[in-house]
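For reference, the structure is listed below as structure tokens.
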Amino acid sequence: MTAHNYAYWMNLKHGESSLVAPSVKEYKDRVDYKVIRFKSVLLPGMNPYRVGLPMIDFTFKRKLSKNNFDILHAHCPFISGQLALKLAKKLDVPLVATFHTKYREDFKKALPGEIFVDFLMNMTMDFYNSVDVVWVPNRATGETLKEYGFTGEYEIMPNGTDFDIPEKNKYLKYRRKGLEEIKADNDDFVLLFVGQHRWEKNVKTILDSLKILKEKKESFKMVFAGEGYAAKEMKTIARHYGIADNVVFTGVITERSAMKQLYACADLFIFPSIYDNAPLVMREAAAFDVPSIVVRNTSSAEGVMENVNGFLINNSADALAEKIRELKANPAAIKRAGEGARKSIYRHWESIVDEVNIKYEEIIRRHKLTLEMHSKTEFRKIS
């Protein structure tokens with residue numbers, strides 16, 4: 001979503017923009033900007049993550065060679081990031097890289113020992129230490145980057161959402177369709193999680209809290225939207241806990257209008273992840289006046305103020321269940337925090353990319369000045 005919105009708004013308002021990304025089976029691009037895709041395969045055990053194969057994709061190489069870019073921006077340090085690094089050197093243009101993800105946690109899950117994790121982390125930090133400019137979506141993410149071994153300076157460039165704040169009639173239309181989709185009534189208490197179904201996202205805590213709510217005879221409808229390796233086991237746990245009738249698993253939703261319908265029918269956005277850095281989904285929820293419940297002192301909680309624009313809990317199922325019970329009994333608090341989220345957490349991608357463009361122009365200008373100074377220095381040496 002970040003890469004797409006950068007490309008979309010840059011191309012629409014500021015100059016020709018292209019997106020270079022891995023191909024995904026059966027997915028067709030329906031965008032106005034240029035997309036250059038390279039072959040990829042699914043990463044074993046890490047669905048939906050993929051590993052790119054640009055080095056053996058000769059059609060991709062031919063298409064890419066026809067482009068002259070003024071600046072490159074990598075959103076991943078691996079195959080595509082290394083591709084961007086080589087291309088930046090070849091074209092002699094600046095390279096920006098955004099650090100989005102807690103890679104060490106991903107490596108720990110996929111690799112058998114700490115020595116392999118450290119090796120890949122060193123490679124990852126070598127990448128960020130090699131680019132011209134590093135951006136992070138918030139301060140907590142920057143601190144994580146430093147902890148990982150980044151030695152340079154970073155700048156904060158926040159994430160946004162492509163959702164407009166809906167006017168009332170459109171909101172009610174979205175809400176009606178959303179309730180129909182999840183088979184809920186207008187007065188049902190609807191909880192929503194959007195994201196990859198991975199244990200790192202603390203989805204087990206959500207399920208455990210729902211079990212507690214069920215045992216306390218609380219009525220609710222919980223919606224999980226997304227996909228991931230833990231999805232099958234999550235469904236099994238829901239049945240085992242006796243909450244299957246209260247829980248809806250929608251699977252992955254690619255249509256943005258369908259996502260808007262889910263947000264419109266939600267009372268609370270449940271996001272106790274201690275893994276995420278700056279979740280886009282919290283900004284999406286804020287567009288619909290839906291406040292988030294997050295774990296305090298996590299990256300996701302940056303900018304969230306208790307009872308002002310969201311709600312903070314300790315990292316436990318008991319704390320989450322108690323907070324949900326408390327808020328269910330106090331709809332005025334939910335309404336107040338939802339309005340606060342819209343005013344302080346919501347931000348549209350268009351305004352973000354306007355800032356990005358100003359930064360890009362500054363980075364390009366500095367790079368050209370550096371090249372000119374280097375050229376004059378070389379000339380003096382030859383003279």
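Here, residue 1 is the first one in the sequence, and each next residue gets the next number.
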Check your understanding: Looking at residues at least two apart in the chain, or sitting in another chain, which of them share a salt bridge (charged side-chain N to carboxylate O under 4.0 Å, His left out) with K335?
Key -> E339
Study note, to complete from the structure: Rounded to the nearest 0.5 angstrom, the CD1-CG distance for I293 and L268 is 4.5 Å
Check your understanding: Are V223 and V190 close enough that some pair of their side-chain heavy atoms sits under 4.5 Å apart?
Key -> yes
Check your understanding: Any side-chain heavy-atom pair from M259 and F163 closer than 4.5 angstrom?
Key -> yes
Review point. Within a radius of less than 6.0 Å around CD of E181, do more than 12 heavy atoms belonging to other residues, nucleotides or ligands occur?
Key: no
Check your understanding: Looking only at side chains, do R50 and S40 share a donor and an acceptor under 3.5 Å apart?
Key -> yes
Check your understanding: Okay, side chain of H367, backbone of D70: is any donor-acceptor separation there less than 3.5 Å?
Key -> no
Practice item. Using the test salt bridge (charged side-chain N to carboxylate O under 4.0 Å, His left out), find all partners of D162 that sit at least two apart in sequence or belong to another chain. Key: R256
Review point. Hey, is the main chain of D188 close enough, under 3.5 Å, to the side chain of D185 for a donor-acceptor pair?
Key: no
Exercise for review: Taking the six-membered ring for Trp and the full ring for Phe, Tyr or His, determine whether the centres of Y128 and F99 are under 6.0 Å apart.
Suggested key: yes
Check your understanding: Side chains of H73 and T98: do they bring a donor and an acceptor to under 3.5 Å?
Key -> yes
Review point. Between F78 and Y103, does the ring centroid distance fall short of 6.0 Å?
Key: yes
**Study point:** side chain to side chain donor-acceptor pair (under 3.5 Å) partner of Y241, the single match among N246, T236, D208
**Key:** D208
**Study point:** E200 bridged to R198 by N-O distance under 4.0 Å
**Key:** yes
Point to revise | Pair N307, R336: side-chain N/O donor-acceptor within cut-off below 3.5 Å | key: no
Check your understanding: So, are E350 and K13 salt-bridged, with charged N and O less than 4.0 Å apart?
Key -> yes
**Study point:** R30 vs K28 side-chain heavy atoms within contact, under 4.5 Å
**Key:** yes
Review point. Tell me, do H100 and T2 make a side-chain contact under 4.5 Å, heavy atoms counted?
Key: yes
Exercise for review: Please say which of K168, R342, R175 ends up in a salt bridge (charged side-chain N to carboxylate O under 4.0 Å, His left out) with D289.
Suggested key: R342
Point to revise | NZ/NE/NH1/NH2 to OD/OE distance under 4.0 Å, E215 and K211 | key: yes
Exercise for review: Just jot down the ring-ring contact (aromatic ring centres under 6.0 Å, His included) partners of F60, sequence neighbours excluded, or say none.
Suggested key: F38
Practice item. Among residues two or more places apart or on two chains, list those pairs meeting salt bridge (Lys or Arg N to Asp or Glu O under 4.0 Å) that have a residue in residues 302-315. Key: E306-K323
Point to revise | S273 and N202 side chains, donor-acceptor separation under 3.5 Å | key: no
Check your understanding: Any side-chain donor paired with an acceptor under 3.5 Å for R176 and N186?
Key -> no
Review point. Can you tell if the side chain of L262 reaches within under 4.5 Å of the side chain of V194, non-hydrogen atoms only?
Key: no
Practice item. With side chain to side chain contact (heavy atoms under 4.5 Å, CB included) as the test, would you mind laying out the steps for F271 and V281 before giving the verdict? Key: CA-CA 9 Å; F271 204 77; V281 287; 3.8 Å; yes
Practice item. Assess whether side chain to side chain contact (heavy atoms under 4.5 Å, CB included) is satisfied between D106 and Y275, documenting all intermediate values. Key: CA-CA 10 Å; D106 287 338; Y275 165 83; 2.9 Å; yes
Practice item. Verify the neighbour count for atom CD of E167: are there more than 12 heavy atoms of other residues, nucleotides or ligands below 6.0 Å? Key: yes
Check your understanding: Quick check: are there more than 12 heavy atoms from other residues, nucleotides or ligands sitting under 6.0 Å from NZ of K173?
Key -> no
Practice item. Might you work through the side chain to side chain contact (heavy atoms under 4.5 Å, CB included) test for F189 and I334, ending with a clear yes or no? Key: CA-CA 12 Å; F189 192 64; I334 296 176; 3.9 Å; yes
Check your understanding: Are the side chains of F220 and K328 in touch, meaning some heavy atoms are under 4.5 Å apart?
Key -> no
**Study point:** Ionic contact status for E143 with R139, cut-off 4.0 Å
**Key:** no
Exercise for review: Using the ring of Y229 (Phe, Tyr or Trp, six-membered ring only), decide whether K109 places NZ or CZ under 6.0 Å from its centre and within 45 degrees of its axis.
Suggested key: yes
Exercise for review: Using distance alone, with no hydrogens and no angle criterion, decide if K34 and N11 have a side-chain donor and acceptor under 3.5 Å apart.
Suggested key: no
Practice item. Answer yes or no: are there more than 12 heavy-atom neighbours, outside L369 itself, under 6.0 Å from its atom CG? Key: yes
Practice item. Check the surroundings of atom NZ in K146: do more than 12 heavy atoms from other residues, nucleotides or ligands lie under 6.0 Å from it? Key: yes
Check your understanding: Is any NZ, NE, NH1 or NH2 atom of the basic residue among R37 and D29 found under 4.0 Å from an Asp or Glu carboxylate oxygen of the other?
Key -> yes
Check your understanding: Side chains of D276 and S300: is there a donor and an acceptor less than 3.5 Å apart?
Key -> no
Review point. Between K359 and E155, is there a side-chain N and carboxylate O pair less than 4.0 Å apart?
Key: yes
**Study point:** Side-chain heavy atoms of S130 within contact of L85, under 4.5 Å
**Key:** yes
Review point. Do the ring planes of Y346 and H348 sit parallel (below 30°), tilted (30 to 60°) or perpendicular (above 60°)?
Key: perpendicular
Exercise for review: Ignoring hydrogens and angles, tell me if any N or O in the side chain of K61 forms a donor-acceptor pair with the backbone of M55 under 3.5 Å.
Suggested key: yes
**Study point:** Neighbour count above 12 (heavy atom, 6.0 Å) for K214 NZ
**Key:** yes
Exercise for review: Evaluate the side-chain proximity of I206 to M234: yes if any heavy-atom separation is below 4.5 Å, no if none is.
Suggested key: no
Point to revise | Hydrophobic cluster (4.5 angstrom, side-chain heavy atoms) - remaining members for M10 | key: M1, Y6, Y8, W9, L12, L19, V31, Y33, V35, I71, V96, V133, W135, M157, L280, W349, I352, V353, V356, Y360, I363, I364
Check your understanding: Is the closest side-chain donor-acceptor distance between S351 and R347 under 3.5 Å?
Key -> yes
Review point. Under 4.0 Å between a Lys/Arg side-chain N and an Asp/Glu carboxylate O for R104 and D118?
Key: yes
Exercise for review: With sequence neighbours excluded, tell me which residues meet ring-ring contact (aromatic ring centres under 6.0 Å, His included) with F249.
Suggested key: F224
Practice item. Determine whether more than 12 heavy atoms belonging to other residues, nucleotides or ligands lie under 6.0 Å from atom CD of E114. Key: yes
